[in-house]
Amino acid sequence: MDVLTDDHEREEVVRKWWHENWKPIALGVAIALAGLVGFRQYQSYKLHDSQQQAYEMYTLKSRVASGDARAEADARAFIGDHKDIYGALLSLDLANAGIKQGKFDKAADDVRFAADNGGDLVAPQAYINLSRILAQQGKYDEALKALDKVKSKAYTALKSEERGDILLKKGDREGARSAYIDAVKVLDDQGSQINGLLQMKLDSVAKEGDKPAFELVKARAEAAAEKK
């Protein structure tokens, strides 16, 4: 391009360029603005939709917990339309209601739904619940397999404690002892409090020569304090 040395010439070139190109530029700006407005409207719609679903779910959760006669039917209709975290959370409530009524098979189906549709947030607790239901039915091997599906490290201690409970019901005291010890160790390594119930469980399967659980917990706490 020739160098433009005159202000008038430069102005004339700009005017011609704009005359030739204003339409596509204006169209591009319009599309961009429409896209921005549309995206914001979409975000607003999704937020409103999520809030509405959450509100409906919590309303149904309250009705299920209160024993509303129509609650189960309405909740199952909601779940049928929500194979997502909303339906998963509500299905856990239906499972709890089923357990109270002694409907263990139906409760197991509900927690399986929660595990399949709740994602990483819900699945670990769902599988824990499933293991408890199966153990209650005497299906100990199936209960242990359900526990094996809990992959989240946040549930490691609870998973070990549940394994101990199942093995103890199965008659495997040594296996239960090992599982309870694992649960205590994990909690200790995490710096988490070791509850009295877990200590009682460990004491109930203690072997001759084992320290009482509270002494084991105390010793671990003292060792941790010395390291600091």
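None of these values were measured; they are calculated from a predicted model.
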Undergrad: Would you name the heavy atoms of I166 and A135 that are closest together and state the gap between them?
TA: CG1-CB, 4.0 Å
Undergrad: Count I, L, V, M, F, W, Y as connected when their side-chain heavy atoms are under 4.5 Å apart, and connections chain through other members. Are V111 and L121 then in the same cluster?
TA: yes
Undergrad: With a 4.5 Å heavy-atom cut-off, do N117 and V122 have their side chains touching?
TA: no
Undergrad: Would you call R112-D116 a salt bridge at under 4.0 Å N-O?
TA: no
Undergrad: Please tell me if the side chains of L134 and F104 come closer than 4.5 Å, counting only heavy atoms from C-beta onward.
TA: no
Undergrad: Could you tell me if the side chain of L198 sits less than 4.5 Å from the side chain of L187, heavy atoms only?
TA: yes
Undergrad: If we check salt bridge (charged side-chain N to carboxylate O under 4.0 Å, His left out) with D165, which of these qualifies: K201, K159, R132?
TA: K201
Undergrad: Is there a path of hydrophobic side-chain contacts, each under 4.5 Å between heavy atoms of I, L, V, M, F, W or Y residues, that connects Y155 with V186?
TA: no
Undergrad: For K149, I'd like to know if atom NZ has over 12 heavy atoms of other residues, nucleotides or ligands within 6.0 Å.
TA: no
Undergrad: Are the side chains of L130 and K145 in contact, using a 4.5 Å heavy-atom criterion?
TA: no
Undergrad: Is it the case that over 12 heavy atoms from other parts of the model lie below 6.0 angstrom from the CD atom of E174?
TA: yes
Undergrad: Is a salt bridge present between D93 and R63, judged by a nitrogen-to-oxygen distance below 4.0 Å?
TA: no
Undergrad: Hey, quick one: are L60 and Y58 part of the same hydrophobic cluster, counting side-chain heavy atoms closer than 4.5 Å, chains of contacts allowed?
TA: yes
Undergrad: Do R177 and D210 pass the salt bridge (charged side-chain N to carboxylate O under 4.0 Å, His left out) test, and can you show the C-alpha distance, the side-chain angles, and the key distance before you say yes or no?
TA: CA-CA 11 Å; R177 174 179 173 274; D210 283 353; 2.8 Å; yes
Undergrad: Going by heavy atoms in the side chains, are L168 and Y180 under 4.5 Å from each other?
TA: yes
Undergrad: Whether the D203 and Q199 side chains hold a donor-acceptor pair (N or O, under 3.5 Å, no angle test) is what I'd like checked.
TA: no
Undergrad: How many angstroms lie between OG in S160 and CD1 in I181, if you round to the nearest 0.5 Å?
TA: 11.0 Å
Undergrad: Taking side chain to side chain contact (heavy atoms under 4.5 Å, CB included) as the criterion, tell me which of R76, H82, M57 meets it with L90.
TA: M57
